[in-house]
Amino acid sequence: MVRAAERAGRPPRTSVWLEDRAPRGGGRGGGGQPSGLDRDRITAVTVRLLDAEGLTKFSMRRLAAELNVTAMSVYWYVDTKDDLLELALDAAFGEIRPPDPEPHPDPEPHQGSDPEPHQGPDPKPGPEPGPEPRRSAGRDPDPDPAPASADWREELRALARAYRALLVRHPWLSSLAGTFLNIGPHAVAFQLAVQRVVRRTGLRTAGQAGALSAVFQFVYGFGTIEGHFVRRCAAAGMSQDDYHRRAMSAVTREPGLREAVRDSADLRQARADGTVEEIRDRDFAFALELLIAGIETMVRRGE
C-alpha cells in the first residue's frame with residue numbers, strides 16, 4: 001500500500017493508467033493484502049454505487065462497507081479515490097463495444113488535402129491511445145453499435161446513440177469524463193473507433209477534428225442533461241411525463257417567465273405529440289441528422 005509519506009516529493013499524478021506498476025491482485029500473499037478482493041471487483045462495485053447514489057455521496061468508507069471490508073483494505077488495490085473513479089470511468093466506457101476495425105477504401109482526397117494521417121481528439125479532450133482493452137468491470141456492453149462494414153453514417157449514428165445511452169445510464173460519467181484524461185483502454189478504443197469513422201467521411205484531415213467535436217460534444221451535452229433529468233425524476237418518485245407537466249405548470253404561473261413561455265408556444269405545440277422520452281428521441285435523431293448533413297455538405301465543398 002502506498003502511503004502519503006511515500007509520495008512526498010513526487011510530481012502530481014497524471015493518470016492511474018500511467019502508473020508504472022503491475023496491478024495488485026487478490027488473496028493473502030506475503031504482503032498481507034486482504035483476501036476476496038481484486039481491482040476488478042472493487043471497480044465494479046464502485047460503478048454500482050455511483051449509479052445508485054451518485055458521485056457526491058461516494059466515499060471510500062461507503063465502498064468498503066459495501067464490500068464488507070475496512071477502508072484501508074481498499075487501498076491495497078488503489079492508491080487514491082481519484083484512481084478508483086478513473087478506473088470506474090473506463091469500466092463504464094467498456095459497455096460500448098465499438099465495431100471491429102476492418103479495412104475500408106479511403107475516400108478520394110480533395111485537392112489540397114493533407115496527406116499525412118491525423119489523430120483527431122476524443123469525445124472529451126484527452127491524450128492519444130493507451131493500453132489494449134480488457135474485459136469491463138462495469139455492466140454488460142451496449143449492443144447498439146453497427147458492424148464495421150456499415151456505411152460511415154450508420155456507424156456514426158450507432159456510436160453517437162451508444163455514447164448518449166452511456167451518459168444517461170451513468171449520470172456521474174460526464175463529470176468524470178471532463179476531469180480525467182480518458183486514456184483507459186476502453187475509452188481509447190471508443191475514441192479510435194470514432195476517429196476511424198470520421199476519417200472515412202471524405203473530410204479533409206484538417207476538418208476531421210472539428211467534425212468529431214461537433215458530433216460528440218453535442219452528444220455529451222445532450223446525454224448529460226438527459227441523464228440528470230432522468231435521475232431527478234427518479235429521485236422525486238415521478239415519471240418523466242408527470243415531472244415535466246408539473247414543472248411546466250409552475251413555469252407558466254411565474255410572471256417573469258410568461259413572455260418566454262408565450263414566445264415558445266409554437267415550438268411546444270410542434271413537439272406535443274408523444275411522451276417526453278419520445279420527443280427527446282426525435283430531437284436527438286433530428287439534431288444528429290443535421291450534423292451528418294453538415295459533414296456531407298463540407299465534403300462536397302472540399303473542406
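Keep in mind the model is a prediction, meaning the values are calculated, not measured. One-based numbering along the sequence shown.
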Test T43 against T46 for side-chain hydrogen bond (donor to acceptor under 3.5 Å, both in side chains), laying out the working first.
CA-CA 5 Å; T43 302; T46 298; 5.8 Å; no
Working for side chain to side chain contact (heavy atoms under 4.5 Å, CB included), residues V45 and L63:
CA-CA 7 Å; V45 173; L63 172 63; 3.7 Å; yes
Walk me through whether Q208 and L212 qualify under side chain to side chain contact (heavy atoms under 4.5 Å, CB included).
CA-CA 6 Å; Q208 290 173 13; L212 282 166; 5.5 Å; no
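Of the candidates D83, N182, I183, S15 forms a side-chain contact (heavy atoms from CB on, under 4.5 Å) with just one, namely I183.
For S59 and R62, the side-chain atoms include no donor-acceptor pair closer than 3.5 Å. Counting only N and O atoms by type, the side chains of H186 and E95 include no donor and acceptor under 3.5 Å apart.
Here F218 and Y163 keep their ring centres 6.0 angstrom or further from each other.
Comment: R157 engages E289 in a salt bridge, judged by a side-chain N to carboxylate O separation of less than 4.0 angstrom. Between R48 and D51 there is no salt bridge, since none of the side-chain N atoms of the basic residue sits less than 4.0 Å from a carboxylate O of the acidic one. Under 4.0 Å is where a charged nitrogen must lie from a carboxylate oxygen, and between E278 and R282 no such pair does.
Relative to the ring axis of F222, R164 does not place its NZ or CZ within 45° and under 6.0 Å from the centre.
Linking ILVMFWY side-chain heavy atoms closer than 4.5 Å, directly or via other members, places L257 and M248 in two distinct hydrophobic clusters.
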